[in-house]
Amino acid sequence: MDVLGVAAVVLDAEGRVVLWSPQAQELFGWSAEEVLGRPAAGRMVADEHIGLVLELFSRVMGGGEPWAGVFPVRHKDGTTRPVEFRNVRLQGEHGEYYALGLATDATTLRDLERDVALTVGLVSHSPIGLAVLDEDLRYVLVNPVMEHITGIRAEDHLGRSVSEVVPKLDTKAIEADMRQVLATGKPLLDRVRTGRTAADPGTDHTWNASYYRLQDPSGRVIGVAISVVDITDQYRAAAEAAEARRRLAVIANASVRIGTTLDLERTARELADVVVTDLADLAAVDVLDAVLRDDDPTDPGFGPANFRALAMATSYATDVMEAADPAGEIAAYGAHRLVTRSARTRRPILVPHVRPDDLRRIARDERSAARWERAGLHSYLIVPLIARGQVLGVLDLARTRNPNPFTQDDLVLAGELAARAAVAIDNARWYQRQRHAAVALQRHLLPQRPPELPGLEVAYRYQPAGTAQQAGGDWFDTIRLGGDKTALVVGDVMGHGINAAATMGQLRTVTRTLARLDLDPAEILGHLDKATLELDEIIATCVYAVYDPQRGQCRISLAGHPPPVLDHAHRPPVLLDLPTGAPLGVGGVPFTTTTVDVEPGDRLVLYTDGLVESRRQAIGDRLRALLDVVTQPRIPLEDTCDRLLAALPPPDHPDDIALLVAEVC
């Protein structure tokens with residue numbers, strides 16, 4: 001009514017004005033004092049229209065038939081305006097009749113009619129779901145698209161709340177948004193909601209909803225309007241694209257994190273850590289025991305298979321890992337277990353929804369199955385680790401807290417990660433085999449126990465490189481010579497592995513043969529240099545010392561080797577200042593022999609560079625650190641060797657170490 005500015009005018013049976021509303025004054029320009037008690041036709045109708053208006057007045061008053069239409073009315077300012085009228089007859093309590101005229105500006109009415117028609121058309125035919133709710137958040141209008149979204153007829157919406165119409169959505173959040181809009185007047189746009197409605201009760205849909213407050217022309221709040229668009233397809237496409245990006249990121253992350261070393265157990269841990277971060281709540285890497293025994297993996301056949309749980313990881317603190325097979329222990333996995341079945345068939349196994357019967361095929365026993373059940377294991381995936389056509393083990397994945405079951409996409413991702421990890425594990429296995437062979441050869445070629453030597457007590461150690469327990473070409477030797485003399489030798493063949501160990505064995509043999517000639521140390525190194533030149537581009541360093549107890553002297557010669565430490569019985573230890581010489585295999589460079597006096601209680605420390613070299617410190621600092629350790633209070637020779645190896649090389653030292661400590665008796 002406020003929009004239309006509806007005027008109310010009442011005439012008596014003679015056509016005189018008996019009621020004149022404020023809206024009538026606004027519409028026609030005449031005040032109540034100017035028209036009350038006077039004939040309306042004389043004031044409001046032009047002379048040429050008086051006959052028509054009297055005819056219409058008689059029709060309404062005589063037959064009681066209402067009349068509606070547009071009639072030209074004279075304004076007080078003298079202009080004539082079209083006015084929309086609706087005239088009806090009224091009867092008073094004493095039987096008298098009156099004429100009620102409801103009038104509004106025709107142009108305003110036409111504009112409103114167009115607006116209403118446009119609004120109705122937009123609401124009815126809009127591709128967007130539209131609804132209007134009152135201040136109590138109950139539906140008062142719903143368009144056909146909203147009917148399709150909710151699966152409920154428009155008339156069944158009316159008077160009901162959102163929670164009554166779509167109870168499977170987050171109605172508390174929706175109503176909170178609408179109350180906020182009602183309170184603030186600020187629209188809320190693009191609120192994404194996911195859930196199910198009666199239109200498709202078995203499938204989740206996603207909608208984009210916006211909320212607007214509705215007010216009348218006076219500013220009074222009358223409700224809230226909702227626009228809803230189904231964006232399920234776009235949402236799924238975006239989610240799939242995001243998931244694809246996540247999977248690529250996982251694979252890229254795995255490429256960096258898995259196989260950083262050639263250590264078998266560390267590689268397995270890296271795989272487990274990657275998958276619990278991005279794919280599973282719990283993970284285990286079970287490797288066939290044959291892999292760890294350096295044997296070729298064999299087909300587990302149709303019976304139980306011997307596995308060892310090499311690594312386990314969880315994404316949260318839990319005791320559920322006690323239900324898994326103990327890490328590091330060999331266990332015979334029964335033929336009924338999914339682990340064994342996956343290894344035997346060389347195929348992944350996906351259990352999207354774990355049932356009680358499945359638990360007995362996952363866990364090692366009934367007790368473990370009960371623990372898995374209490375932990376909430378609801379989805380399980382196992383993927384074989386295959387490299388170069390051989391089954392190495394399996395990757396076990398479990399979900400307990402993550403509510404989503406494993407999917408085929410998860411299986412593909414796990415398979416990709418397992419394939420990459422399997423190659424790294426196989427490389428570590430082959431490297432381990434070669435390492436074991438090299439270490440075995442190295443230890444076989446070195447002295448097994450200290451000999452009894454005249455005037456000397458000796459202790460020695462050999463330690464492979466710390467980064468991967470890699471054997472190299474370091475060696476030590478004690479050779480008894482004539483005249484109660486003893487040759488002390490420490491050498492280092494450049495390189496690692498079986499070739500370096502074999503070369504070391506050759507040089508040690510040549511050294512022992514030359515030592516029997518009782519030559520000067522410099523001459524010994526000269527002959528060793530020539531022999532090294534014949535060993536196909538081999539470079540080695542060596543310290544050769546001969547202790548003579550009768551003279552109380554030690555004659556020493558170096559071939560590119562670190563200087564020995566002389567630990568005096570009653571004075572601080574010193575690094576012997578000796579000519580370094582060239583490494584063996586360079587050829588043509590003379591060597592020098594230096595004579596050093598020694599007394600009972602003096603100790604001579606011979607070592608290879610692996611004991612003192614470090615990537616993080618200068619060699620001068622490392623040699624001073626060596627002297628600091630030797631300066632500590634004396635302990636037996638064997639304990640001295642252990643002290644030096646514990647204090648000096650870093651845990652990840654990249655080179656092997658040979659150490660020989662001799663004390664003059």
Side-chain angles (χ1 to χ4, degrees), residues 115-116 118-240 242-243 352-353 376 378-379 399-405 407:
D115 290 344
V116 172
L118 176 62
T119 301
V120 171
L122 288 174
V123 170
S124 299
H125 303 293
S126 171
I128 299 173
L130 299 172
V132 175
L133 292 87
D134 61 20
E135 291 180 275
D136 296 325
L137 301 184
R138 294 190 175 276
Y139 287 96
V140 296
L141 183 148
V142 172
N143 77 338
V145 175
M146 186 65 81
E147 286 183 294
H148 178 74
I149 289 173
T150 63
I152 297 175
R153 296 182 305 171
E155 54 267 29
D156 292 333
H157 283 75
L158 304 183
R160 301 172 69 186
S161 66
V162 174
S163 59
E164 292 173 319
V165 173
V166 284
K168 293 186 178 181
L169 296 183
D170 187 359
T171 57
K172 289 184 178 180
I174 295 173
E175 291 179 346
D177 285 345
M178 291 192 291
R179 289 192 180 92
Q180 179 181 335
V181 170
L182 284 173
T184 65
K186 184 178 180 180
L188 285 178
L189 308 178
D190 301 326
R191 311 290 278 186
V192 176
R193 305 294 182 195
T194 298
R196 301 181 182 185
T197 67
D200 190 3
T203 306
D204 282 336
H205 284 254
T206 302
W207 297 275
N208 186 313
S210 297
Y211 307 94
Y212 314 85
R213 189 170 75 178
L214 299 178
Q215 298 173 228
D216 65 15
S218 66
R220 182 173 63 89
V221 177
I222 59 175
V224 61
I226 309 174
S227 64
V228 178
V229 179
D230 191 323
I231 58 169
T232 302
D233 292 341
Q234 301 95 307
Y235 186 81
R236 289 174 180 169
E240 289 172 359
E243 180 64 15
H353 304 285
H378 66 88
S379 195
R399 282 183 177 172
T400 54
R401 287 191 172 181
N402 186 335
N404 299 317
T407 64

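Each residue takes its place number in the sequence, starting with 1.
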Open item on the list: Rounded at 0.5 Å granularity, tell me how far CD1 in Ile174 sits from CG in Leu188.
Closed with: 12.5 Å

Open item on the list: Do Tyr211 and Leu182 have side chains that approach each other closer than 4.5 Å (heavy atoms only, starting at C-beta)?
Closed with: no

Task: Arg213 side chain near Val224 side chain, heavy-atom distance below 4.5 Å - done: no

TODO: Mind listing the closest non-hydrogen atom pair of Ala131 and Val142 along with its distance?
DONE: CB-CG2, 4.2 Å

- [ ] Might you confirm whether atom OH of Tyr212 has over 12 heavy atoms from other residues, nucleotides or ligands at distances under 6.0 Å?
- [x] yes

Open item on the list: Is there a side-chain contact between Met178 and Ile226 in this structure, where contact means two heavy atoms from C-beta onward sitting under 4.5 Å apart?
Closed with: yes

- [ ] Would you give the length of the straight line joining atom CG of Leu189 to atom OG of Ser227, rounded to the nearest 0.5 angstrom?
- [x] 8.0 Å

Task: Closest non-hydrogen atom pair, Pro352 against Pro405 - done: O-CB, 3.4 Å

TODO: Using the side-chain contact (heavy atoms from CB on, under 4.5 Å) rule, take Trp207 and Val166 through it: C-alpha gap first, then chi angles, then the decisive distance, then the call.
DONE: CA-CA 13 Å; Trp207 297 275; Val166 284; over 6 Å; no

- [ ] Identify the heavy atoms of His378 and Thr400 that sit nearest to each other, and give their distance.
- [x] CD2-O, 3.8 Å

TODO: Check whether any side-chain heavy atom of Thr206 sits under 4.5 Å from a side-chain heavy atom of Val192, and report yes or no.
DONE: yes

Open item on the list: Using 0.5 Å steps for rounding, measure from the NE2 atom of His205 to the CG atom of Asp233.
Closed with: 9.0 Å

- [ ] Taking all heavy atoms of Thr171 and all of Pro167, pick out the closest pair and write down the distance.
- [x] CG2-CA, 4.4 Å

Open item on the list: Would you say that Arg196 contacts Asp204 through its side chain, given a criterion of any heavy-atom pair below 4.5 Å between the two side chains?
Closed with: yes

Task: Atom pair CG/CD of Asp170 and Glu175 - distance to nearest 0.5 Å - done: 10.0 Å

Task: Main-chain N/O of Arg138 paired to Ser161 side chain as donor or acceptor, under 3.5 Å - done: no

Task: Pairwise distance OG(Ser210) to CZ(Arg191) - rounded to 0.5 angstrom - done: 9.5 Å

Open item on the list: Counting C-beta onward and ignoring hydrogens, is there a side-chain heavy-atom pair between Arg399 and Asn404 closer than 4.5 Å?
Closed with: yes

Task: Spacing of NZ belonging to Lys186 relative to CD belonging to Gln180, to within rounding of 0.5 Å - done: 8.5 Å

TODO: Indicate yes or no for a side-chain donor-acceptor contact from Thr197 to the backbone of Ile149 under 3.5 Å, with no hydrogens or angles considered.
DONE: yes

TODO: Decide yes or no on side-chain contact (heavy atoms from CB on, under 4.5 Å) for Met146 and Val228, but give the supporting numbers first.
DONE: CA-CA 8 Å; Met146 186 65 81; Val228 178; 3.6 Å; yes

- [ ] Would you check if Val132 and Ile222 make a side-chain contact, meaning some heavy-atom pair closer than 4.5 Å?
- [x] no

- [ ] Report yes if some heavy atom in the side chain of Arg160 is under 4.5 Å from a heavy atom in the side chain of Ile152; otherwise report no.
- [x] yes

